[in-house]
Asks: 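Provided herewith is a single structure, encoded as structure tokens, for subsequent inquiry.
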2 protein chains.
Amino acid sequence: MAITIKDVAKQAEVSPATVSRVIADNPRISAKTKQKVRETMKSLGYYPNFQARNLVAQKTRTIGIIMANSTTLAFQNPFFPEVLRGISVSAHNSQYGLYLSTGATEEEIFEEVVAMDQGKRVDGIILLYSRVGDRIMDYLFQSGLPFSVVGRPHTNADAISYVDNDNIGIAKQVMAHLFGLGHQRIAFIAGGKDFVVTLDRLKGFEEALAEHAIPHQAEYVVNQEGMQQDGKGAIRQLFELPEPPTAIVTHDDLVAYEVIGYLEDLQINVPEDVSIIGFNNHALSKHLKPPLSSVDICIYELGVEAANLLLEKINDEKAVPRQITVSSRLIERGSCQGR
Amino acid sequence: MAITIKDVAKQAEVSPATVSRVIADNPRISAKTKQKVRETMKSLGYYPNFQARNLVAQKTRTIGIIMANSTTLAFQNPFFPEVLRGISVSAHNSQYGLYLSTGATEEEIFEEVVAMDQGKRVDGIILLYSRVGDRIMDYLFQSGLPFSVVGRPHTNADAISYVDNDNIGIAKQVMAHLFGLGHQRIAFIAGGKDFVVTLDRLKGFEEALAEHAIPHQAEYVVNQEGMQQDGKGAIRQLFELPEPPTAIVTHDDLVAYEVIGYLEDLQINVPEDVSIIGFNNHALSKHLKPPLSSVDICIYELGVEAANLLLEKINDEKAVPRQITVSSRLIERGSCQGR
DNA sequence: CTGAAAGCGCTTACAG
DNA sequence: CTGAAAGCGCTTACAG
């Protein structure tokens, strides 16, 4: 059996209450007593039991992290580890621990969220994604449990603390860059279509076209399902169009390189024949050939700020929901060319 | 205030003890009572409080995950998310949750491990790496807390449950493949030098050379520190040797592509001038040019088995330590050529 | 088959 | 400045 507060109390010849107060560094305890109790704790190797402490304190100093369905490609790209790194740093600074969802299906994850909330397993939750009509977000919204989101919520956004990039704006900037190089026929390889980030970037894409009076052709948009089922075929189709694109924007660098691979098979060269821009600025993108122009969305900062927003709500019951826009910028490399 | 067991008891007109037994599905409770209590739980929206339950049960149904220093490049490559996915699946199947270390330095992580153990915050720990002379491993070994390791422990390996690839063997296989293609001067870009996985692969590398009576040249081994400080310089140096290598083995695919980038800058072509093989079989490696020959180490399985080993120890106090070797195999693509 | 009581290891008003 | 007591929300021998 582990050392308890009673063992320390007995050994130090004080009451358990006093030991507890020494742990909490209560100012009403004399320096002498504190000293004595602390020595005893040390000599006995005492460590407070978290379960007991949490039970009476009615809090856990733990943050729940909800990630999207782990069977998706979410795990392939570096978004998850990088955002987690940001969250870790912020949580660690405030002495919070991290509890991870493990479910593989949306149903399982939903159950976990309910259990985390109702079972008082965490003090708050960070939702690592935002999708349209998400049960989990709806549940959190009505639960009263503090939470924050990485990504703009599709509904009730004003009433929710979240971090996001200016996805519409950055998509327009990417388009402006391509327009500036003389491109008019631009394809867009989009992420999962129920993710708000996808909708926003697509909106920026379309707005940019509209502002330049370029008609929006649906064939130029390839959705994630199309890429996953038959990426090669999807790209081939794109270039069998009567007017094939001269530039491609993809929602992720890894996808960009996958596309570049298919293009090489089709004898289409990047950037000579077609320009390409990715998102997420993968560590590899500056080393590979061609070096990829990519949008750095500052994933680490997204994580840090999401954790900060959550901690703000945890620490202050009536903190007003805040929204943080993390900067993003296009990093130009060698994958685009004027025409 | 949340609904407690007492509320349910009152409403269902039974004792709290009975409600507790219904939750545990105790066979001594009549079907009728169970039915009644369950209905009441549902109608009140009752959820058991984990803290309370854990406190009395003296266990947490939570697994602690210790990852290496998050400031390292560990986060760049897909090992971490993939091994975590394996652990998640196994943990979820057994209804265990995951608690993550957040520390940025070894000291911080050590403190967390102690807190997880002494504070009874987790039922066991999975250590995601194995390095020489690791305080954390030593602590766990003497603590009595169940734990398992991804990677062979450097000391006391027989007394510890761990999963690993046959790193010596697979390194030798990689070498045999290159020998078979006629390569004799082979460079090795190694991982962190205090990781056991690095030592094992290096051992396989050296044994293979010895078996082929090829002298081992220290200049052909580039360690991680060298790559991180000045990767480009390190590769240039390699090819300024009087007898430059004709093949390169790297500890990770991403590093392989980084190297390939430097080689292109040096006007050295892969695979015509130099062959290259990576480890970890990154999702991208089949799409990129050149498609990279790579060792698939089955990261997901490593995670699954590490979790299984831990659960085995958690569920059976006196379970004997077991070691699991997860298969690994070289996947040949276009990055090697005979000479 | 069910209940009353004790207890898991803490914290925190309430007294003094 | 310190202690005795009650209580956080459960579980589990012990009775009956």
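Labels below follow one simple rule: chain letters A, B, ... track the order of the sequence lines, proteins then strands, and each chain is numbered from 1.
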Asks: Distance check: side-chain N/O of B:Arg21 vs OP1/OP2 of D:dT11, anything under 4.0 Å?
Replies: no
Asks: Does C:dG9 have its OP1 or OP2 closer than 4.0 Å to a side-chain nitrogen or oxygen of B:Gln51?
Replies: no
Asks: To the nearest Å, give me how far apart NZ (A:Lys10) and C1' (D:dG3) are.
Replies: 16 Å
Asks: For the side chain of A:Ala52, starting at C-beta, report the closest nucleotide among C:dT2, C:dG9, D:dT11.
Replies: C:dG9
Asks: Figure out the CD/P separation between A:Gln35 and D:dC1, and round it to whole Å.
Replies: 16 Å
Asks: Identify which nucleotide among D:dC8, D:dT11, C:dT11 has an atom closest to any side-chain atom of B:Lys6, counting heavy atoms from C-beta outward.
Replies: D:dC8
Asks: Honestly, is B:Lys120 close enough over A:Phe50, meaning NZ or CZ under 6.0 Å from the six-membered ring centre and within 45° of the axis?
Replies: no
Asks: Only pairs with both distances under 3.5 Å count, Watson-Crick or wobble alike; so what is the partner of C:dA4 in this structure?
Replies: none
Asks: Round to the nearest Å and state the distance from B:Asp25 atom CG to C:dC1 atom P.
Replies: 13 Å
Asks: Could you tell me how far apart B:Asn49 (CG) and C:dG9 (C1') are, to the nearest whole angstrom?
Replies: 14 Å
Asks: Closest approach of A:Ala157 and A:Arg152, non-hydrogen atoms and distance?
Replies: CB-CG, 4.4 Å
Asks: Quick check for you: among C:dC10, D:dG3, C:dG9, whose closest atom lies nearest to any side-chain atom of B:Leu55?
Replies: C:dG9
Asks: Just N and O in the side chain of B:Arg53: are any of them under 4.0 Å from OP1 or OP2 of D:dG9?
Replies: no
Asks: Between B:Thr18 and C:dC1, is there a contact of a side-chain N or O with OP1 or OP2 at under 4.0 Å?
Replies: no
Asks: Nearest-Å distance, NZ (B:Lys120) to P (C:dC10)?
Replies: 10 Å
Asks: Have a look at B:Val19 and say if it touches a base, only the backbone sugar-phosphate, or nothing, with a 4.0 Å heavy-atom cut-off.
Replies: nothing
Asks: Any side-chain heavy-atom pair from A:Ile23 and A:Tyr46 closer than 4.5 angstrom?
Replies: yes
Asks: Any idea which of C:dT11, C:dC8, C:dG3 is nearest the B:Val56 side chain?
Replies: C:dC8
Asks: Just so I know, are the side chains of B:Leu311 and B:Ser90 near enough to count as touching, which here means a heavy-atom distance under 4.5 Å?
Replies: yes
Asks: When you get a sec, tell me which of C:dG3, D:dG9, D:dC8 is the closest nucleotide to the side chain of B:Ala17?
Replies: C:dG3
Asks: Touch check for A:Phe50, heavy atoms < 4.0 angstrom, all strands: base, sugar-phosphate only, or nothing?
Replies: nothing
Asks: Within the structure shown, what part of the strands sits under 4.0 Å from B:Arg28 by heavy-atom distance: base, sugar-phosphate, or nothing?
Replies: base
Asks: Under 4.0 Å between a side-chain N/O of B:Gln58 and OP1 or OP2 of C:dG9, yes or no?
Replies: yes
Asks: Think A:Arg131 forms a cation-pi with A:Tyr129, using NZ or CZ under 6.0 Å from the six-ring centre and within 45 degrees of its axis?
Replies: yes
Asks: Do the side-chain N or O atoms of B:Thr4 get closer than 4.0 angstrom to the phosphate oxygens (OP1, OP2) of D:dG9?
Replies: no
Asks: Base, sugar-phosphate, or nothing for A:Ser20, non-hydrogen atoms under 4.0 angstrom?
Replies: base
Asks: Does the side chain of A:Tyr46 get closer than 4.0 angstrom to OP1 or OP2 of C:dC10 through an N or O atom?
Replies: yes
Asks: Would you say A:Ser30 reaches D:dT2's phosphate, i.e. side-chain N/O to OP1/OP2 under 4.0 Å?
Replies: yes
Asks: Under a 3.5 Å cut-off for both contacts, is D:dA13 paired Watson-Crick or G-U wobble with anything, and if yes, with which nucleotide?
Replies: none
Asks: Starting from P on D:dG9, measure out to CE on B:Met41 and report it in whole angstrom.
Replies: 17 Å
Asks: Taking C-beta and beyond as the side chain, do B:Phe79 and B:Val150 meet within less than 4.5 Å on heavy atoms?
Replies: yes
Asks: Rounded to the Å, how far apart are B:Asn26 CG and D:dC10 P?
Replies: 17 Å
